[in-house]
Amino acid sequence: MNSKLVVGVAALSLLLAASTAARADDDHRLDEAWKAAMEDNEGLLTPEQMSGLNVLAYESAAARLCDGIKLDEKKYAASVTEVAKGGDALTEDEQMQRLAAIMYKLGTANGLFLAEGSAKKDAFCTEAMAQKADKDSKHNWE
């Protein structure tokens, strides 16, 4: 057999194996659920606020799933309040509707992180502990 062909077949096999492994690592992600959960966000939160909301959901999930991680309730509440702030132009009723929608999104994202974290708990908690230990990482954990 041609040595170039053998090397090519071997390289292709390695590439396919690596691709399958990468997909397998990502299989614990609930991509379609995340897509559905994050729809219809326009006008509710800015991209930065949505990112902050997802971080809060992650922090809460890690605190529930991982030994050695506990939420600092006061810091967490202040962070949720910061994300939930609305414009001054909103009526009280509009502000309450906005807050309800944000809490719904926070709860949904938290549930998705709990599901994903439970599926790969060791990796999830290892990553969370690394973030907690990183002195440059801002978080709401004790």
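Quick note: residue numbers are just sequence positions, from 1. Remember, predicted model here, so these are calculated numbers, not experimental data. Hydrogens, waters and symmetry mates are skipped; everything else that's a heavy atom, side chains included, is used.
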| query | If you take all heavy atoms of Glu142 and Leu71, which pair is closest and at what distance? | reply | OE2-O, 3.6 Å

| query | Could you give the distance from SG (Cys66) to NZ (Lys132), rounded to the nearest 0.5 Å? | reply | 10.0 Å

| request: Would you name the heavy atoms of His139 and Glu59 that are closest together and state the gap between them? | output: CA-OE2, 3.2 Å

| field | Partner residues of Gln97 under the side chain to side chain donor-acceptor pair (under 3.5 Å) criterion, sequence neighbours left out | value | Asp93

| query | If you measure from NZ on Lys85 to OG1 on Thr81, what distance do you get to the nearest 0.5 Å? | reply | 8.5 Å

| request: Look up atom CD in Glu94 and atom CZ in Arg98, then write down how far apart they are to the nearest 0.5 Å. | output: 11.0 Å

Considering only distance and modelled atom types, tabulate donor-acceptor pairs under 3.5 Å from the side chains of residues 123-130, sequence neighbours left out.
| unit_1 | atom_1 | unit_2 | atom_2 | d |
| --- | --- | --- | --- | --- |
| Thr126 | OG1 | Asp122 | O | 2.7 |
| Glu127 | OE2 | Gln131 | NE2 | 3.1 |

| note | In terms of heavy-atom contacts, Tyr58 and Phe113 come closest through N-CD1, 3.5 Å

| message | I need the minimum non-hydrogen distance between Ser118 and Leu65, along with the two atoms involved. | response | OG-CD2, 3.5 Å

| said: Going by side chain to side chain contact (heavy atoms under 4.5 Å, CB included), name the residues that satisfy it together with Val83, two or more places apart in sequence or in a different chain. | reply: Leu45, Gln49, Leu53, Leu56

| field | Partner set under side chain to side chain contact (heavy atoms under 4.5 Å, CB included) for Met103, not counting sequence neighbours | value | Val80, Leu99, Leu106

| So which pairs with a foot in residues 61-80 pass side-chain hydrogen bond (donor to acceptor under 3.5 Å, both in side chains), sequence neighbours left out? | Ser79-Asn140

